[in-house]
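Remarks on the structure that follows.
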Amino acid sequence: MILGVALGRHPPVVVALRDGALDWPVGRAVARTATRACVALDLDDAPTAPVAAIRVGGPCPEALRPLVCRPDQAGVATIVRGGHSLTGRPLAPLDTEAVRRFAGSCGLMDFAVTATGSPMLADHELQVAAVIAAEVPGARITLSYEFGHPGLREREAETIRNAALGPEAGRIADEAARELPGVPVYFARSERGLVSAHYFRRYPYACYLGRTASLARGRAALPVRPVVPDEVTAAYGAALGRPEAQVERIVQARGRAELDRELQGVRDEVLTRVVSAGAAPGSARVAETTVNPLSYLPHGLYRIRVMAEGATA
């Protein structure tokens, strides 16, 4: 029996898939005997934590600084010297002392780090993370290269949002574990598929619109449509998902052989990530690969996006 759980403004709705048939409602005692639970929720209205944002790059106008002060947040931000071009060329040495001073004085635990050029070379983001971890034990750190977008501000906004959602994601995962002791819990992704509770805690932004995606999947799969309530449909759609993960990188390759090596590296990374997302190691496989040359930039730059999936562990 697989559970589907829809969370939102109303009490949770729990459905069960028994040999492919939809069944609801499901009692708590029965739910705790499930082989797995798949949770659908949207995080657009979730409480957010204040974030300490660090951008590694050159100076910029005030209007283009990191955006951390939303109505429900009291974040702080700084820009430190460093970063790389999209070809991996260093723009300036990383100012680790500035990172250390900011991390030690900001008074926050949730950090978002974005460096110019990190989809190509993430060295400066990784160095910043090491400085933060040494200065603030127990800090929760999100690095922008893990989101892959080449645009600095788009990538930075998602990194900050992910960091802000971290504490609430941890609370939700803890609550699900208490309600369903011993049952593996997965969370629906915003696009498609599922991720493990461990992955959800680290990358909650991947599930930002998980209920919306599950609702669309459930509607497509139900044989009869407006008949089943939306919350039931969303829970059903979540229960149909499989673990998925994606990796997006910018690489430079001079010739087909070098591009193939870079592509294999991204494929290896996404297969590791989908196992972290809850796929059984022997079931993980590459499902989609997209390779696009980047226009108006030096020859040999490619944007690679790879999606992997697998069966639940």
Side-chain angles (χ1 to χ4, degrees), residues 1-28 30-31 34-48 147 157-158 161-162 164-166 168-173 175-177 179-180 183-246 274 277-279 287-288 307-312:
M1 178 179 69
I2 302 171
L3 294 184
V5 182
L7 300 180
R9 298 182 182 87
H10 306 293
V13 171
V14 181
V15 305
L17 282 182
R18 306 172 192 264
D19 298 323
L22 177 63
D23 181 25
W24 87 91
V26 181
R28 177 176 295 183
V30 176
T35 56
R36 67 178 182 271
C38 307
V39 179
L41 78 160
D42 287 344
L43 294 170
D44 51 339
D45 290 330
T48 54
F147 293 89
E158 292 191 2
R161 194 64 176 167
N162 189 80
L165 290 168
E168 178 65 5
R171 186 197 67 77
I172 292 169
E175 184 176 334
E179 286 295 314
L180 298 167
V183 177
V185 177
Y186 295 81
F187 291 84
R189 290 170 49 94
S190 297
E191 296 177 347
R192 65 184 201 188
L194 305 170
V195 297
S196 65
H198 166 77
Y199 195 97
F200 173 70
R201 289 175 187 271
R202 185 170 179 183
Y203 305 109
Y205 191 77
C207 302
Y208 191 65
L209 296 177
R211 178 193 172 279
T212 299
S214 297
L215 181 60
R217 186 186 307 117
R219 283 174 174 165
L222 283 170
V224 179
R225 300 183 182 179
V227 178
V228 179
D230 278 355
E231 293 304 306
V232 172
T233 304
Y236 174 59
L240 297 174
R242 294 160 53 90
E244 290 192 6
Q246 70 179 42
V274 80
E288 292 181 10
M307 175 80 72
E309 64 181 13
T312 50

Applying side-chain contact (heavy atoms from CB on, under 4.5 Å) to L240 and not counting sequence neighbours gives L17, R217, A221, Y236
side-chain contact (heavy atoms from CB on, under 4.5 Å) filter on A213, not counting sequence neighbours, yields none
Under the side-chain hydrogen bond (donor to acceptor under 3.5 Å, both in side chains) test, which residues partner [X], sequence neighbours left out?
{"X": "D19", "result": "none"}
{"X": "T212", "result": "D42"}
{"X": "R192", "result": "E244, E288"}

CZ of F187 to CG of L194, rounded to nearest 0.5 Å, is 10.5 Å
dist E158:CD -> Y208:OH (nearest 0.5 Å) comes out at 10.5 Å
So salt bridge (Lys or Arg N to Asp or Glu O under 4.0 Å) across residues 231-243, not counting sequence neighbours, yields R211-E231
Tested for ring pair (Phe, Tyr, Trp, His ring centres under 6.0 Å) against Y203, the lone hit among Y199, F200, Y205 is Y199
Per side-chain contact (heavy atoms from CB on, under 4.5 Å), V39 is matched among L7, L180, I172, V14 by L7
**OP:** Run the numbers on R171 and E168 for salt bridge (charged side-chain N to carboxylate O under 4.0 Å, His left out), then give the verdict.
**Re:** CA-CA 5 Å; R171 186 197 67 77; E168 178 65 5; 2.8 Å; yes
* Modelled atom types, side-chain donor and acceptor of R219 and T233, under 3.5 Å -> no
